[in-house]
Amino acid sequence: MLENILNQVKNGELSVAEAKEHLAAFEDLGFAKVDHHRKKRQGFPEIVYGESKTSEQIISIVQSLRSQNNQVLVTRVSLDKAEDIRKVMPDLIYNDAARILYWKEKETHSNLPGYIAVIAAGTSDIRVAEEAAVTAEVLGSNVHRIYDVGVAGIHRLLHHAEEIQNAVVSVVVAGMEGALPSVVGGLVAHPVIAVPTSIGYGANFNGLSALLTMLNSCASGISVVNIDNGFGGGYNAALIHKLIQKGL
């Protein structure tokens, strides 16, 4: 990007003032400071958490991000808010199950070899699993979805054992007692990211029981993100996937 900007200045296609704007570390919108150097530092552009933001704020932030990035990801966006935003920016794509609004310059399959397995214990966990899956896809990874394979019917999981074992990293999403990541962790030789969900009865304590089970797992190679944090699971999986390919 830097070389391209300097060449444009050299060729008279870009003024010095315009070049300074492109090279600015962030853009101050008053209510937000949009980090334009996030991708240079971390490999992925800044992700927008949309739940507490207004439609107008999200529109302004997305317009700023799109000026210097080829992908945009906004998490935790309600359907009503997404519809308001897409009236102004109709080329944004909304995934209702994941509650994610995103844009990619080109809708293409990932060039990275291998795939991430996103595994959900039950149908009720799919919303969080989809947040993980769509996040990883927008960030450039291929994803295999393996849903409704919880420990209450372990044969369903074992049916997909080879597919799971061949992944480069697994994101395992479960509520209730949260046992599934431990089972998967005992079957694979790659990192497992456990995502507890708030799905469960009474003493589940809105996902706390699943979180504690995952934190206390006896299976090696398991890392745990916070309750219902599908985005965190998908982001970390995509980061691992990208780093693995760099090392090949």
Side-chain angles (χ1 to χ4, degrees), residues 39 42-45 47 69-73 75 93-123 125-151 153-174 180-197 214 217 219-225 228-248:
K39 188 170 185 178
Q42 298 185 332
F44 300 124
I47 310 299
N69 294 286
N70 59 4
Q71 62 192 40
V72 172
L73 178 65
T75 65
I93 298 169
Y94 182 64
N95 184 301
D96 183 43
R99 292 178 293 171
I100 282 177
L101 193 65
Y102 71 94
W103 171 79
K104 294 176 72 174
E105 195 170 59
K106 292 182 179 179
E107 280 292 316
T108 58
H109 290 291
S110 169
N111 292 322
L112 295 178
Y115 58 88
I116 294 168
V118 175
I119 306 162
T123 304
D125 300 308
I126 287 178
R127 180 173 287 274
V128 176
E130 275 298 296
E131 185 177 56
V134 175
T135 294
E137 287 174 334
V138 175
L139 296 181
S141 292
N142 289 319
V143 172
H144 287 202
R145 292 164 168 81
I146 303 169
Y147 292 168
D148 196 25
V149 290
V151 297
I154 199 69
H155 56 291
R156 299 173 300 176
L157 178 70
L158 297 177
H159 178 75
H160 295 277
E162 184 176 356
E163 182 181 8
I164 295 169
Q165 288 166 338
N166 288 334
V168 297
V169 55
S170 289
V171 180
V172 185
V173 183
L180 186 59
S182 293
V183 177
V184 173
L187 295 174
V188 302
H190 59 245
V192 173
I193 301 170
V195 185
T197 74
M214 294 174 185
S217 175
S220 303
I222 294 178
S223 299
V224 187
V225 299
D228 291 337
N229 188 10
F231 161 73
Y235 185 98
N236 285 321
L239 189 60
I240 291 169
H241 190 192
K242 185 175 181 180
L243 289 173
I244 287 172
Q245 306 312 325
K246 281 185 175 180
L248 295 179

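We number each residue from 1, following the sequence as shown.
For residues 184-196, there are no salt bridge (Lys or Arg N to Asp or Glu O under 4.0 Å) pairs, not counting sequence neighbours. Sorted by first and then second residue, the salt bridge (Lys or Arg N to Asp or Glu O under 4.0 Å) pairs involving residues 139-149 (not counting sequence neighbours) are Glu130-Arg145, Glu137-Arg145, Asp148-Arg156.
Between His160 atom NE2 and His155 atom NE2 the span is 10.5 Å, to the nearest 0.5 Å. We find the OG1-CZ distance between Thr197 and Arg127 to be 12.5 Å, quoted to the nearest 0.5 Å. One distance of note links CG of Leu73 with NZ of Lys104; it measures 10.5 Å at 0.5 Å rounding. Rounding to the nearest 0.5 Å places CZ of Phe231 at 6.0 Å from OG1 of Thr135.
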task: Under the side chain to side chain contact (heavy atoms under 4.5 Å, CB included) rule, what do Met214 and Val195 come out as? Steps first, then yes or no, please.
output: CA-CA 8 Å; Met214 294 174 185; Val195 185; 5.9 Å; no
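Counting only heavy atoms from C-beta outward, the side chains of Val149 and Ile164 never approach each other to under 4.5 Å. Counting heavy atoms from C-beta on, the side chains of Val118 and Tyr147 come closer than 4.5 Å. Counting heavy atoms from C-beta outward, Val172 and Ile222 have side chains that stay 4.5 Å or more apart. Contact of the Asn166 side chain with the Tyr115 side chain is registered, since non-hydrogen atoms from C-beta on lie closer than 4.5 Å. Leu157 is listed as a side-chain neighbour of Leu180, based on a closest heavy-atom distance under 4.5 Å. Taking the side chain as every heavy atom from C-beta outward, Ile240 and Val168 never approach each other to under 4.5 Å. Between Gln71 and Leu139 the shortest side-chain heavy-atom distance falls below 4.5 Å.
His159 meets the ring-ring contact (aromatic ring centres under 6.0 Å, His included) test with no other residue; sequence neighbours excluded.
Taking every heavy atom of both residues into account, Ser170 and Ile119 meet most closely at OG-CD1, 4.0 Å. Pairing each heavy atom of Tyr94 with each of Ile100, the nearest pair is CD1-O, 3.4 Å. Contact detail for Ala237 and Val171: the closest heavy-atom pair is CB-CG2, 3.6 Å. Minimum interatomic distance between Ala174 and Pro181 (heavy atoms only, all atoms of both residues): CB-CD, 4.4 Å. Scanning all heavy atoms of the two residues, the minimum distance from Val169 to His190 falls at CA-CD2, 3.6 Å. Taking every heavy atom of both residues into account, Ala98 and Val134 meet most closely at CB-CG2, 3.9 Å.
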